[in-house]
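Take a look at the structure set out below.
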Amino acid sequence: MYFVHPMSSRRRFIKNVTALSLGTQIIPIVSCGLEPNASWSAIADQFFKDKQGRLNFNTGSVGMMPKPVYENYIQLTKSLASYAAYEVKDQSEDYSLAALESLAATVGAKKEDITLVRNTSEGINFILNDYPFQPEDEVLISSMAYPYPHYTLDKLSALKGIKKINIDLNPASDSDEQIVHKFISGITSKTKMILVTHFTHREGQIMPVKAICEEAQKRGVEVLVDGAHAVGQFGVDIQDLNCNYYVSSLHKWMYAPLGTGLLYVKDQNIPKLSPPLSYPGKLQNDLSKFNYTGTVPFQNELTLQSVLDFNEAIEWSRKTQRIKELQSQLIEGLKGIPSITIMTDPKRSCGVVGFGFDHIHPAKVAPAYLQSYGIHCKKTKYKDIPMLRATVNLHLLEKDIDAFIEATTSITQS
Ligand SMILES: Cc1ncc(COP(=O)(O)O)c(C=O)c1O
């Protein structure tokens, strides 16, 4: 189901643009560097290699900008540095809006309902801090959520007297039906919002967001989706999910420049949110009220089109399929090693593998991966169960996955 991408049925807004004329300025649009149906090794070649040959198995934290996106970003930064930056931005407004429109189509949203923010953390903060919560209002959040929204809700509990209700989930052992049931059973007459993670950060589990939204909407409860990892990894159709708010970090799986995030707010929810930073009153019903944050790196927004071009040249569903294949190869290889426990459910995940060792603490082995095998992966834990997280992505090839499996075999034997 999640291989279906909303974009595949929609029209592209900008295609084959080679250069954008901006008065005396030219904003260069770099070719996406990929032939149609490019091989996976040709695609992997579009990512920079580490000078020391180290392999990055942690693009879940931050994705890698491919060369064409990087080139575009650098050239745009130069354009901004060569002339009056606000002029360049203002003159490129149509171009930026068209890119945003393409992004909206990509995630199945109306263009008026999305805007760029810096990242998921900022977007979640915007929604939670700007929502007109009253004392005693309840917000449900699960134990599998990223820690950051927990902190925001703790802060709001202290400041506004809201109640954070923790929904205790067991990754892998809870079925989707049980997850939905646990959330919905937590709803009371005081519940205002559910915060649900689309793809969990430790074990990489795709949560039953659509079913949670459906049940929540029936009960008049709003849903905020933390989609930090979802956009760019697998197809996301926000209107089909029918959530009220959706946030993602495009610098993860979309390969956008650092500090590029997506914020979606369903049109009817926009007026009631009050950003703490001031904005013209006429924008009360307009999502751009969130963009009154002063001068920001304009090049991020201007690079968006090349980000979309690169992903579309690969084809969204093909990209997801490839990530799944790399994940399967890794899971199968790790399964063959005695004393390894896989914590990721392959049927409900995509590019992440969480795993633990029977007799070794992951905190001890993570440095060994790097020092002895030149592999960077992430140590993490869930409910005091320590684990390692390996993220696979298009810069990796089968031989790199084999290298990870061999390193793990050696580590468990030593
Ligand atoms: C599920 C989840 N939510 C939110 C975030 C925060 O993302 P960012 O640092 O881009 O704001 C992360 C980061 O890894 C995450 O995994």
Side-chain angles (χ1 to χ4, degrees), residues 2 56-65 103 107 115-129 139-155 164 166-167 169 171 179 183 193-209 212 223-234 236 238 241 243 245-264 290 293 296-297 300-301 303-304 307 323 343-344 348-354 376-383 387-393:
Y2 51 82
N56 186 357
F57 276 79
N58 186 21
T59 49
S61 290
V62 175
M64 291 159 73
M65 246 195 280
L103 177 65
V107 297
T115 191
L116 292 183
V117 290
R118 285 185 299 179
N119 49 52
T120 302
S121 307
E122 183 174 74
I124 287 178
N125 256 285
F126 278 159
I127 302 305
L128 293 178
N129 280 293
V139 180
L140 311 186
I141 181 169
S142 92
S143 50
M144 284 167 82
Y146 196 64
Y148 200 90
H150 276 278
Y151 304 146
T152 311
L153 291 173
D154 290 341
K155 186 191 114 185
K164 179 182 94 170
N166 199 47
I167 304 297
L169 300 179
I179 292 172
F183 269 109
M193 191 185 285
I194 295 177
L195 192 154
V196 60
T197 317
H198 204 165
F199 183 91
T200 65
H201 65 288
R202 299 183 191 93
E203 55 294 291
Q205 187 161 323
I206 299 173
M207 301 286 266
V209 171
I212 291 170
V223 181
L224 162 58
V225 182
D226 173 351
H229 288 269
V231 176
Q233 188 181 184
F234 49 88
V236 173
I238 296 178
L241 291 175
C243 57
Y245 315 98
Y246 193 100
V247 191
S248 188
S249 290
L250 305 181
H251 46 239
K252 290 184 186 286
W253 296 86
M254 285 284 275
Y255 319 131
L258 282 172
T260 317
L262 160 81
L263 170 65
Y264 162 88
F290 287 103
T293 52
V296 294
N300 281 34
E301 163 185 332
T303 308
L304 182 61
V307 170
I323 293 169
M343 288 150 177
T344 298
R348 293 186 286 177
S349 66
C350 195
V352 162
V353 182
H376 173 60
C377 58
K378 189 174 162 57
K379 61 177 192 302
T380 179
K381 67 177 177 186
Y382 181 69
K383 290 185 181 172
M387 65 169 98
L388 285 186
R389 182 185 80 179
T391 311
V392 296
N393 214 322

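Only heavy atoms go into these numbers, but all of them, side chains included; no hydrogens, no water, no symmetry mates. Numbering of ligands and ligand atoms starts at 1, following listing order. Everything numeric in this text was worked out from a predicted model, so none of it was measured.
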So which residues, sorted by chain and number, lie with a heavy atom under 4.0 Å of ligand 1?
-> Asn119, Thr120, Ser121, Tyr146, Thr197, His201, Asp226, Ala228, His229, Ser249, His251, Lys252

Sequence neighbours excluded, which residues qualify as side chain to side chain donor-acceptor pair (under 3.5 Å) partners of Thr260?
-> Asn300

Establish, from distance only, whether the side-chain atoms of Ser61 and Arg389 form a donor-acceptor pair under 3.5 Å.
-> yes

Using the side chain to side chain contact (heavy atoms under 4.5 Å, CB included) rule, take Asn129 and Lys155 through it: C-alpha gap first, then chi angles, then the decisive distance, then the call.
-> CA-CA 9 Å; Asn129 280 293; Lys155 186 191 114 185; 3.2 Å; yes

May I ask you to check whether Ser249 and Thr120 show a side-chain donor-acceptor distance below 3.5 Å?
-> yes

Residues which pass side chain to side chain contact (heavy atoms under 4.5 Å, CB included) with Ser121, listed by chain and number, not counting sequence neighbours = Asn119, Tyr148

Set of side chain to side chain donor-acceptor pair (under 3.5 Å) partners for Tyr255, sequence neighbours left out = Asn393

